[in-house]
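All chains are named by letter (A, B, ...) in the order of the sequence lines, taking the proteins before the strands, and each is independently numbered beginning at 1.
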Protein chains: 2
Amino acid sequence: MKLTSKGRYAVMALVDLARFNNINPVSLRDISLRQGISLDYLEQIFSKLRKKEIVQSVRGTQGGYILNKKTNEIKLTNIFEAVDEKVKTVQCKKESKKSCNGKTVKCLTHNLWDELENHINNFFDEKSLEDLVKDNSERRI
Amino acid sequence: MKLTSKGRYAVMALVDLARFNNINPVSLRDISLRQGISLDYLEQIFSKLRKKEIVQSVRGTQGGYILNKKTNEIKLTNIFEAVDEKVKTVQCKKESKKSCNGKTVKCLTHNLWDELENHINNFFDEKSLEDLVKDNSERRI
DNA sequence: AGATACTTGACTATTTTAGTCGGGTTTATA
DNA sequence: TATAAACCCGACTAAAATAGTCAAGTATCT
C-alpha cells in the first residue's frame, strides 16, 4: 500500500500555493520550480483541482491559480478525491465476484478492509490545508 | 493508495488457515480452492510467511501449513511485513533528494506522511489474526 | 513406487504510474 | 497590436509494479 506521487504532489502544490496565495495568483511554473515537480504533470493535477472547485484559474500573463476556498475548508479528503487518489482497500466489492459482493456474501476479511478504509479516511477528513500550512509557518522557503 | 492483492491474499489465507488449523496441517490446495487464490501465487506468499516464522510447513502427503504462533500473537503488521507489503507514504526520504532527506531538509508535507504512516501502522499493530477469526466465528464456510 | 504437497527460481502479461508532447486559447503589457 | 506568459486539453509513452504462470525440483506418507 502506498500513496502515489499524484496525491503527494497535489498536496505539496496546494500547500505551496496556500503559502504564496496572499496577493497574486501563483503560477504553476513557480510551484514547479519550488517543489521540483514537472510542469506538465502539475497542469494535469491542477486541471482536476479546478474541476472540483478547489482552485480557480486566472489566465493570461501574470495569471496562475488561487485557492477557491479557505484553507480550513479544504480537507485532504477533498484533494485526494479530486485527483482520483482513492483509498480503496477492498477489491472484493466488485460485482462479478461470487465470493464477496459486500452484502449477501462477504469474504473472510471484508469487514477488516472496511474498517481500515474508515480509519484512513477519518485521518484525511480531519486534516485540512490550514493544518499543513501552520506546520510550515516558521519556514522561510 | 491501495492495498495490493498480495497483502490481502496473505491475510485471507491466514484467516482460512487459522480456522482449519485445529488438528491437521492445511494444504495450500485447499486454501486455494476455498479462497479462490491461484495455487502458484499462494506458494510464493507462504514461502515468505514461513521465512518470517509465521507458519510452519509439513512436507509430504497430508502435509500443509500450520500456524507457528497463537492467533493473538500474529498482528497484521507481521503479516504485511512478511510479504513485503509496506506502508510507505513518503518517498521524499530517499537519500538522493536534496529537497527532503527527512532530517536537515524536509519537504512541505513531510510531517504529514509521517503522521499518516503512524496512523495506519497503529491500526495494523492492534489487529490480530484472532480478531479476524472471531469476526467470522459464526460462519459455516 | 507413486501420489501428495512443499520449494525455488525464472519468466511474463497486464496494469498502473508518472510523466512527455504538441497543440491550442486567453490576457496583460510594452 | 504583437508578444510573451500562462492556462488548457487530449493523446501518447517509458518504466515500474503487480499478479500471476511455469518448470523442475525435494520430502514424506501409504
Side-chain angles (χ1 to χ4, degrees), chain A residues 1-13 17 20 23-33 35-52 54-66 68 80 83-89 91-92 94 97, chain B residues 1-13 17 20 24-33 35-66 68 80 83-89 91-92 94 97:
Chain A
M1 173 164 49
K2 66 163 199 254
L3 204 62
T4 67
S5 286
K6 187 148 62 182
R8 286 191 301 110
Y9 287 168
V11 177
M12 284 175 68
L17 175 52
F20 290 88
I23 319 131
N24 300 315
V26 180
S27 74
L28 293 190
R29 189 172 160 281
D30 287 351
I31 296 178
S32 166
L33 290 174
Q35 303 303 325
I37 304 168
S38 138
L39 178 59
D40 283 315
Y41 204 29
L42 272 179
E43 284 181 344
Q44 281 185 42
I45 291 168
F46 272 76
S47 164
K48 294 182 176 190
L49 294 174
R50 186 172 57 82
K51 276 168 192 157
K52 294 293 171 138
I54 291 171
V55 297
Q56 267 192 334
S57 66
V58 179
R59 303 186 71 159
T61 324
Q62 307 297 347
Y65 286 91
I66 54 179
N68 202 22
F80 287 129
V83 300
D84 305 319
E85 189 93 309
K86 357 181 200 313
V87 176
K88 73 169 172 185
T89 53
Q91 287 193 320
C92 50
K94 281 179 188 165
K97 299 235 174 177
Chain B
M1 176 162 48
K2 67 161 194 257
L3 206 61
T4 67
S5 287
K6 187 149 60 182
R8 286 192 301 111
Y9 288 168
V11 177
M12 285 174 69
L17 175 52
F20 290 87
N24 300 315
V26 181
S27 73
L28 293 190
R29 190 172 160 279
D30 288 352
I31 296 179
S32 165
L33 290 173
Q35 302 304 325
I37 304 169
S38 140
L39 178 59
D40 284 315
Y41 204 26
L42 272 180
E43 287 179 340
Q44 280 185 41
I45 292 169
F46 272 76
S47 163
K48 293 181 178 192
L49 293 174
R50 186 172 56 82
K51 277 170 192 157
K52 295 291 172 140
E53 302 178 325
I54 291 171
V55 297
Q56 265 191 335
S57 67
V58 179
R59 302 186 71 157
T61 324
Q62 309 295 347
Y65 287 91
I66 54 177
N68 202 24
F80 287 129
V83 299
D84 305 319
E85 188 93 308
K86 1 180 196 312
V87 176
K88 72 168 175 186
T89 53
Q91 288 193 320
C92 51
K94 283 179 187 163
K97 299 237 174 175

Here the distance between atom P of C:dT7 and atom CD of B:Q56, to the nearest Å, is 11 Å

- Have a look at A:Y65 and say if it touches a base, only the backbone sugar-phosphate, or nothing, with a 4.0 Å heavy-atom cut-off. sugar-phosphate

Open item on the list: Less than 4.0 angstrom between a side-chain N/O of A:Y41 and OP1 or OP2 of C:dT17, yes or no?
Closed with: no

Looking at C:dT7, I'd like to know if its phosphate oxygens (OP1 or OP2) sit under 4.0 Å from a side-chain N or O belonging to B:R50. yes

Taking the side chain as C-beta and beyond, is there a heavy-atom pair between A:L42 and A:Y65 under 4.5 Å?
no

- Query: So does B:Q44 reach the base of C:dT7 with its side chain, donor to acceptor, closer than 3.5 Å?
  - Reply: no

note: A:L28, atom CG; D:dA5, atom C1'; distance rounded to Å ~ 12 Å

Comparing nearest nucleotides in DNA chain C, the 5'-proximal residue of the pair A:E43, A:G60 is A:E43

B:L49 CG to C:dC6 P, in whole Å, measures 13 Å

The side chain to side chain contact (heavy atoms under 4.5 Å, CB included) partner of A:I31 among A:L17, A:L39, A:I45 is A:L17

Atom OH of A:Y9 and atom C1' of C:dT20 are separated, to the nearest Å, by 14 Å

- Query: Any donor-acceptor pair under 3.5 Å between the side chain of A:T61 and the base of C:dT27?
  - Reply: yes

Here the distance between atom P of C:dA18 and atom CE of A:M12, to the nearest Å, is 13 Å

Which of C:dA18, C:dA28, D:dG20 is nearest the side chain of A:T4? It is C:dA18

Separation of C:dA28 atom P from A:Q62 atom CD, nearest Å, is 10 Å

Taking 4.0 Å as the cut-off, does a side-chain nitrogen or oxygen of B:S38 come that near to OP1 or OP2 on D:dA19? no

- Heavy-atom side-chain proximity of B:E43 to B:L28 below 4.5 angstrom: yes

Between B:S5 and D:dA19, is there a side-chain N or O to OP1/OP2 distance below 4.0 Å? yes

Between CG of B:L39 and C1' of D:dC22 the distance, given in whole Å, is 12 Å

Among C:dT8, D:dC8, D:dA6, the one nearest any side-chain atom of A:S27 is D:dA6

Taken to the nearest whole Å, CG/B:N24 to P/C:dC6 is 13 Å

Separation between NZ (A:K48) and NZ (A:K52), nearest 0.5 Å, reads 10.0 Å

Q. Side chain of B:R59, base of D:dT26: donor and acceptor closer than 3.5 Å?
A. yes

How about B:S47 and B:R50: does a side-chain donor come under 3.5 Å of a side-chain acceptor? no

